[in-house]
K.L.:
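I have a structure here, written as structure tokens, and I will follow up with some questions on it.
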There are 2 protein chains.
Amino acid sequence: MVMGRPRSFDMDKALDEAMEVFWRHGYDGASLAMLTKAMGIKAPSLYAAFGSKEGLLKAALDRYALRRSEHMRYVLAGPTARDVAERFLSSIAESHTDPANPPGCLLVQGGLACGAGSENIPFELASRRAQTETELLERFAQAKADGDLPDDSEPVALARFLSTVASGMGVIASSGATRGALREVARVSLGAFPGKA
Amino acid sequence: MVMGRPRSFDMDKALDEAMEVFWRHGYDGASLAMLTKAMGIKAPSLYAAFGSKEGLLKAALDRYALRRSEHMRYVLAGPTARDVAERFLSSIAESHTDPANPPGCLLVQGGLACGAGSENIPFELASRRAQTETELLERFAQAKADGDLPDDSEPVALARFLSTVASGMGVIASSGATRGALREVARVSLGAFPGKA
DNA sequence: CAACTTTTATAACGAGTGGTAGATAAGTCT
DNA sequence: AGACTTATCTACCACTCGTTATAAAAGTTG
């Protein structure tokens with residue numbers, strides 16, 4: 001079996017560039033012209049590699065998830081539920097204002113609302129956001145079973161609360177909120193979490 | 001002076017329809033075709049009345065602000081700062097899941113990220129969101145001065161926290177979160193607020 | 001080298017974008 | 001009624017959108 005002409009661009013580098021464009025402009029706002037220019041390839045190469053604009057987004061989201069899974073591993077490894085919450089919000093304050101990336105969260109910036117023909121993108125993003133919430137939920141349910149969280153605590157509500165605050169932080173970060181402001185939100189939010197003051 | 005042919009459509013009705021389209025599809029995702037169809041007018045009438053697509057958005061945002069100002073008057077009239085916070089979050093849980101409107105908040109759904117040529121829309125939305133935060137801030141600063149809030153409380157941080165939670169609720173509402181879920185988030189969030197348990 | 005497979009670049013596709021002339025219709029005021 | 005002003009309609013503008021046909025280029029394998 002013959003191999004054919006090898007790909008002349010680095011897929012991961014190209015995906016990082018595409019991720020940045022989607023992050024900054026959203027799915028609808030990211031045009032093929034922007035994407036191909038940022039990725040340094042022409043449209044046919046893009047379509048050969050990713051199938052469609054939506055396919056490219058999903059590949060970029062997969063790569064984004066890869067980054068986040070490292071964060072989440074650290075977050076979930078917190079010794080107590082409260083530590084997990086603290087790590088979760090703090091790491092978001094940092095990552096959402098990391099000057100190496102566009103401000104905010106790709107899963108929020110990517111598109112809450114889309115035009116005709118892109119109706120499923122918001123669902124795609126929402127399902128990826130839900131995954132993080134589920135991870136928190138499972139961690140808190142375990143903490144409750146272990147007696148780390150009080151018996152009257154509500155893991156579902158706590159996970160949803162943290163996930164909601166995280167989305168909110170994504171919104172204000174994209175509007176220019178500083179890292180200090182996000183840290184403050186994280187600190188105040190933690191006041192709603194059971195455990196030592 | 002002569003008056004000319006009178007406008008044959010109801011501006012407020014048309015703006016309500018435009019608002020709904022922007023709300024559901026975002027600024028970039030709302031095409032002129034969608035807008036004119038929903039408003040029941042043709043493009044030249046739209047441009048004569050609003051100048052541009054962006055002008056139409058601003059007019060719709062003004063009308064949206066009008067609605068919200070009624071809510072905020074009630075919210076800010078709460079007897080204590082904690083009541084204000086409770087009213088704020090509760091009213092958002094209701095309004096963001098009002099079946100009469102698209103889910104979520106127009107100021108979030110409208111566009112956190114936009115394409116080329118619409119770069120100022122996110123700023124426009126952010127500045128309107130900031131207004132609500134400022135109103136809360138002023139109310140809490142007053143509460144602190146009155147001794148309603150403790151001396152060590154931070155009105156800026158509290159207002160920002162509530163505003164962030166509100167944005168987060170907008171995000172999860174647009175992803176299909178139920179009214180019950182939003183109420184739960186509101187209830188948990190209130191735990192971060194100083195005052196009686 | 002020659003056969004084969006895949007990627008690349010050029011160029012274009014039809015559809016849809018926001019926006020606008022130009023003509024016509026519908027009112028008001030003298 | 002007739003002059004005047006403004007709104008509405010039809011048709012269209014140049015442009016961009018996501019996507020793709022075609023053919024040349026660049027490798028690997030026999």
Side-chain angles (χ1 to χ4, degrees), chain A residues 1-15 17-19 21-22 24-61 110-111 113-122 124, chain B residues 1-15 17-18 21-22 24-60 110-111 113-122 124:
Chain A
M1 174 198 176
V2 216
M3 283 306 280
R5 176 174 176 174
R7 177 174 290 124
S8 68
F9 66 93
D10 184 295
M11 279 203 83
D12 286 343
K13 284 281 177 195
L15 271 180
E17 298 296 334
M19 190 191 304
V21 175
F22 283 129
R24 201 174 295 278
H25 297 285
Y27 179 78
D28 277 349
S31 70
L32 263 293
M34 285 182 191
L35 290 164
T36 53
K37 180 175 179 182
M39 299 169 80
I41 63 178
K42 299 295 163 56
S45 298
L46 192 160
Y47 278 81
F50 305 104
S52 67
K53 186 185 178 184
E54 186 171 339
L56 174 62
L57 173 72
K58 287 182 180 172
L61 289 177
C114 279
S118 316
E119 291 89 353
N120 42 328
I121 270 67
E124 179 73 28
Chain B
M1 176 198 174
V2 218
M3 283 305 281
R5 174 173 178 176
R7 178 174 290 125
S8 68
F9 65 93
D10 184 296
M11 277 202 84
D12 287 342
K13 285 281 177 194
L15 272 179
E17 299 295 335
V21 175
F22 284 129
R24 200 175 295 279
H25 297 285
Y27 180 78
D28 277 349
S31 69
L32 264 296
M34 284 182 191
L35 290 165
T36 53
K37 180 175 179 182
M39 298 168 81
I41 63 177
K42 299 294 163 57
S45 297
L46 191 160
Y47 279 83
F50 305 103
S52 65
K53 187 184 177 185
E54 185 170 341
L56 174 61
L57 174 71
K58 287 181 180 173
C114 279
S118 315
E119 291 89 354
N120 43 328
I121 270 67
E124 179 73 28

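The sequence lines fix the lettering, A, B, ..., with proteins before strands; numbering per chain opens at 1. The basis for the numbers below is simple: all heavy atoms, side chains too, and nothing from hydrogens, waters or symmetry mates.
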K.L.:
Atom CG of B:D10 to atom P of D:dT8: distance rounded to whole Å?
P.N.:
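Spelled out: CG on B:D10 to P on D:dT8 is 12 Å.
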K.L.:
Looking at the side chain of B:R5, which of D:dT28, C:dT20, D:dT6 is the nearest nucleotide?
P.N.:
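Taking heavy atoms from C-beta onward, the closest nucleotide is D:dT6.
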K.L.:
For the atom pair CG (A:D10) and CD (A:E17), what is the distance rounded to the nearest 0.5 Å?
P.N.:
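Output value for this atom pair is 10.5 Å.
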K.L.:
Could you state the atom-to-atom distance from CE of A:M3 to C1' of C:dA3 in whole Å?
P.N.:
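Distance, rounded to whole Å: 17 Å.
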K.L.:
With heavy atoms under 4.0 Å as the rule, sort A:A30 into base, sugar-phosphate or nothing.
P.N.:
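If one applies the 4.0 Å heavy-atom cut-off, A:A30 turns out to touch the sugar-phosphate alone, with no base involved.
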K.L.:
From CZ of A:F50 over to C1' of D:dG18, roughly how many Å is that when rounded to an integer?
P.N.:
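Rounding to the nearest Å, CZ of A:F50 and C1' of D:dG18 are 16 Å apart.
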K.L.:
If every non-hydrogen atom of A:A60 is compared with every non-hydrogen atom of A:L15, which pair is closest and at what distance?
P.N.:
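Closest heavy-atom pair between A:A60 and A:L15: N-CD2, 3.7 Å.
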K.L.:
Reckon A:S45 has a side-chain N or O less than 4.0 Å from the OP1 or OP2 of C:dT8?
P.N.:
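For C:dT8, OP1/OP2 do have a side-chain N/O of A:S45 under 4.0 Å.
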K.L.:
In whole angstrom, give the distance that lies between atom CG of B:L46 and atom P of D:dT10.
P.N.:
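About 16 Å, once rounded to whole Å.
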K.L.:
Supply the atom-to-atom distance A:S45 OG to A:R7 CZ, rounded to the nearest 0.5 angstrom.
P.N.:
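Going from OG on A:S45 over to CZ on A:R7, the span is 8.5 Å.
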K.L.:
For A:C114 and A:I121, which heavy atoms make the closest approach, and how far apart are they?
P.N.:
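Shortest heavy-atom separation between A:C114 and A:I121 comes out as SG-CG2, 3.8 Å.
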K.L.:
So, is A:S8 close to the C:dT8 phosphate, meaning a side-chain N or O under 4.0 Å from OP1 or OP2?
P.N.:
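So the side chain of A:S8 is within the cut-off, an N or O lying under 4.0 Å from OP1 or OP2 of C:dT8.
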K.L.:
Is the distance from OP1 or OP2 of D:dT20 to the nearest side-chain N or O of A:Y47 less than 4.0 Å?
P.N.:
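No, no such contact exists.
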K.L.:
What is the distance from CG of A:L32 to C1' of C:dG14, rounded to the nearest Å?
P.N.:
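Between C1' of C:dG14 and CG of A:L32: 15 Å.
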K.L.:
Measure from the side chain of A:P44, starting at C-beta and using heavy atoms only, and say which of C:dG19, D:dT29, C:dT10 lies closest.
P.N.:
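Minimum distance to the A:P44 side chain belongs to C:dT10.
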K.L.:
Mind checking A:A43 for me? I need base, sugar-phosphate or nothing, with any heavy atom below 4.0 Å counting as a touch.
P.N.:
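The residue A:A43 makes base contact.
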K.L.:
Tell me which of B:D28 and B:P6 sits closer to the 5' end of DNA chain C, going by the nucleotide each one is nearest to.
P.N.:
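With B:D28 and B:P6 compared, the 5'-side residue is B:D28.
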K.L.:
Between C:dT7, D:dC17, D:dG18, spot the one nearest the side chain of A:R7, thanks.
P.N.:
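Ranking C:dT7, D:dC17, D:dG18 by closest atom to the A:R7 side chain puts C:dT7 first.
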K.L.:
Quick check on DNA chain D: between A:S31 and B:G40, whose nearest nucleotide comes earlier from the 5' end?
P.N.:
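Nearest-nucleotide comparison on DNA chain D picks B:G40.
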K.L.:
Strictly below 4.0 Å: does B:K42 bring a side-chain N or O up to OP1 or OP2 of D:dT8?
P.N.:
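Negative; the distance criterion is not met.
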K.L.:
Under 4.0 Å, heavy atoms only, any strand: does A:F9 hit a base, just the sugar-phosphate, or nothing?
P.N.:
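Touches sugar-phosphate only.
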K.L.:
Minimum heavy-atom separation for A:Y27 and A:L57, please, with both atom names.
P.N.:
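That would be CD1-CD2, 3.7 Å.
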K.L.:
Measure the distance from NE2 on A:H25 to P on D:dC17 and round it to the nearest whole Å.
P.N.:
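After rounding, the reported distance stands at 12 Å.
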K.L.:
Atom CD1 of A:I41 and atom P of C:dA9: how far apart are they, to the nearest Å?
P.N.:
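Taking CD1 of A:I41 and P of C:dA9, I get 9 Å after rounding.
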K.L.:
Specify the separation, in whole Å, of atom CD of B:E54 and atom P of C:dT17.
P.N.:
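Atom CD in B:E54 sits about 18 Å away from atom P in C:dT17.
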